[in-house]
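Structure record follows, encoded as structure tokens.
In the text below, chain A, chain B and the rest are named by the order of the sequence lines, each starting its count at 1. What you see below is based on every heavy atom in this structure, not just the backbone, and it leaves out hydrogens, waters and symmetry mates.
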Protein chains: 2
Amino acid sequence: MVKPDDKEEIIMRAAMDVFVDKGQYGAKMQEIADKAGINKALLHYYYRNKEKLYTHIFKFIFKNIMDEVVDLLQSDLPFKDFLKTFISKYIDLLNENHRFPLFIMRELSQGGKIVSNAIKEAMPRELSEHLPAIKLIEDAMSRGEIVRMDPRQIILTVIGSSLFYFMGEPIIRVLLLNEESFDRDKFLEEKKEAIFNIIYYGLAPRGDKQ
Amino acid sequence: MVKPDDKEEIIMRAAMDVFVDKGQYGAKMQEIADKAGINKALLHYYYRNKEKLYTHIFKFIFKNIMDEVVDLLQSDLPFKDFLKTFISKYIDLLNENHRFPLFIMRELSQGGKIVSNAIKEAMPRELSEHLPAIKLIEDAMSRGEIVRMDPRQIILTVIGSSLFYFMGEPIIRVLLLNEESFDRDKFLEEKKEAIFNIIYYGLAPRGDKQ
DNA sequence: GTCTATATGGCGATAGAC
DNA sequence: GTCTATCGCCATATAGAC
């Protein structure tokens, strides 16, 4: 992030706010300008048009999230500890950026080129070829620490079960957590425990059953 | 569904297509009219304005998905079999309607009243008070078939890990499945197996560890 | 760089003939 | 019920002064 009184930075923040909330088409340039405390003309001065501004925001958010996740994937801990800390930090990350996943997925659903370009720019080539997490999982399998299974299914299960709550929070709270006194922080801590326990012990080698 | 040459039905299908793809604001009435093979004026004749049409579509989709899920939740199978069949049928359902979850979530992110109204209309009161799945899980815990844990965390884990692939498919295929010969059907069948095994055995009572 | 004022176009919505 | 033609607004974008 740049210094906070930089105009570009101010516009970025405002645009991010509005775009994340309303999406590319629901967002209005006027609202962004208002939120940034400037007028529409200046938006066009810095970012030639709405589409460029949107694309810029999307790539910025995508890259930042990606970088954080890639960071979480760097680890030389044993598999068990890696899994535990990854889930914990990943849920923390989502909690701090709970509106981003849906924002990214919304763009995804349009299947446009913005996403594929953002991926290309955000992903170091060598990473997409060999995710460190896959190597870690394969090693744990070789050592017999966990059962054999497509590592990608494991990754998708970890990510999916961690992510879901944040994507569906409004609906989930109505359908599932309709209580007066819902302690969200506590629930998230329990979620870390739950997901780790389910997945780690779900991967543990078993005797004969099934 | 109504008879397919009914005008309202034709419009519904077209509108669904466009709205699901582009969202409430990205969608254009002209495109819907084109896709339905009629003109804009007729859209307004049947559904007074864009918002009403959108709301109608959203509630329709939401209710249909809800009904299907509620169906899946009715079961008197033992927990193990219930879990296995639920995951399998739920993934099949998602596969047949893979664009709906994102559509619903996109609306969710706007936090509008459309969603909360749709929930109220789609959810039988008695169901939201007592989800049958929670009862099933609690019984299994009482019998000692699975470890004690907040049942809601289990439900979220099952749903989240099943759902994630369909919500993120484009991105996932780039990041994780960048092969020439990706057999999607096979991958989904493996996913059913993987999720069931991880979760069911992840819930199995353990000796002392952790 | 930043503003006010204005042009331009697109889109939702309606009027009105058939 | 279905169409063509058109209205009127609103949002993006630009012109041009300061």
Among all residues two or more places apart in sequence or in another chain, which pass the ring pair (Phe, Tyr, Trp, His ring centres under 6.0 Å) test with B:Phe79?
none
Would you say B:Tyr46 places a side-chain N or O within less than 4.0 Å of OP1 or OP2 belonging to D:dT2?
yes
Using the ring pair (Phe, Tyr, Trp, His ring centres under 6.0 Å) criterion, which residues pair with B:Tyr47? Sequence neighbours excluded.
B:His56
Within the 3.5 Å criterion, strictly below it, is a donor on A:Glu68 or A:Asn64 matched to an acceptor on the partner's side chain?
no
Here the distance between atom C1' of C:dC11 and atom NZ of B:Lys22, to the nearest Å, is 14 Å
Whole Å only: how far is the CG atom of B:Leu53 from the P atom of C:dC11?
16 Å
Could you tell me if A:Tyr54 and A:Glu107 have a donor-acceptor pair between their side chains, going purely by distance under 3.5 Å?
yes
Under 3.5 Å, is there a donor on one side chain and an acceptor on the other for A:Gln153 and B:Tyr165?
no
Whole angstroms only, please: what is the OH-P distance between A:Tyr47 and D:dA13?
15 Å
B:Asp34-B:Gln30 side chain donor-acceptor pair, cut-off 3.5 Å
yes
Charged N to carboxylate O under 4.0 angstrom, B:Glu189 versus B:Lys186?
no
Using a heavy-atom cut-off of under 4.0 Å over every strand shown, decide if B:Ala27 touches base, sugar-phosphate, or nothing.
sugar-phosphate
Give the rounded distance in Å between these two atoms: CD of B:Glu31 and C1' of C:dG12.
15 Å
Does OP1 or OP2 of D:dT2 have a side-chain N or O of B:Asn39 closer than 4.0 Å?
no
Of the candidate nucleotides D:dG1, D:dT4, D:dA11, which contains the atom at the shortest distance from the side chain of A:Lys28?
D:dA11
Rounded off to whole Å, could you give me the CG-to-C1' distance for the A:Leu43 and C:dT4 pair?
15 Å
Rounded to whole Å, CG of A:Leu42 lies from P of C:dT2 at a distance of 5 Å
Check the distance between D:dT12's P and A:Tyr45's OH and give it to me in whole angstrom.
21 Å
Determine, for nucleotides 13-18 of chain C in 5'-to-3' order, which nucleotides have protein heavy atoms under 4.0 Å from the base (write B), from only the sugar-phosphate (write S), or from neither (write -).
BBB---
Atom-pair distance (CD1 on B:Ile38; C1' on D:dT4), nearest Å
14 Å
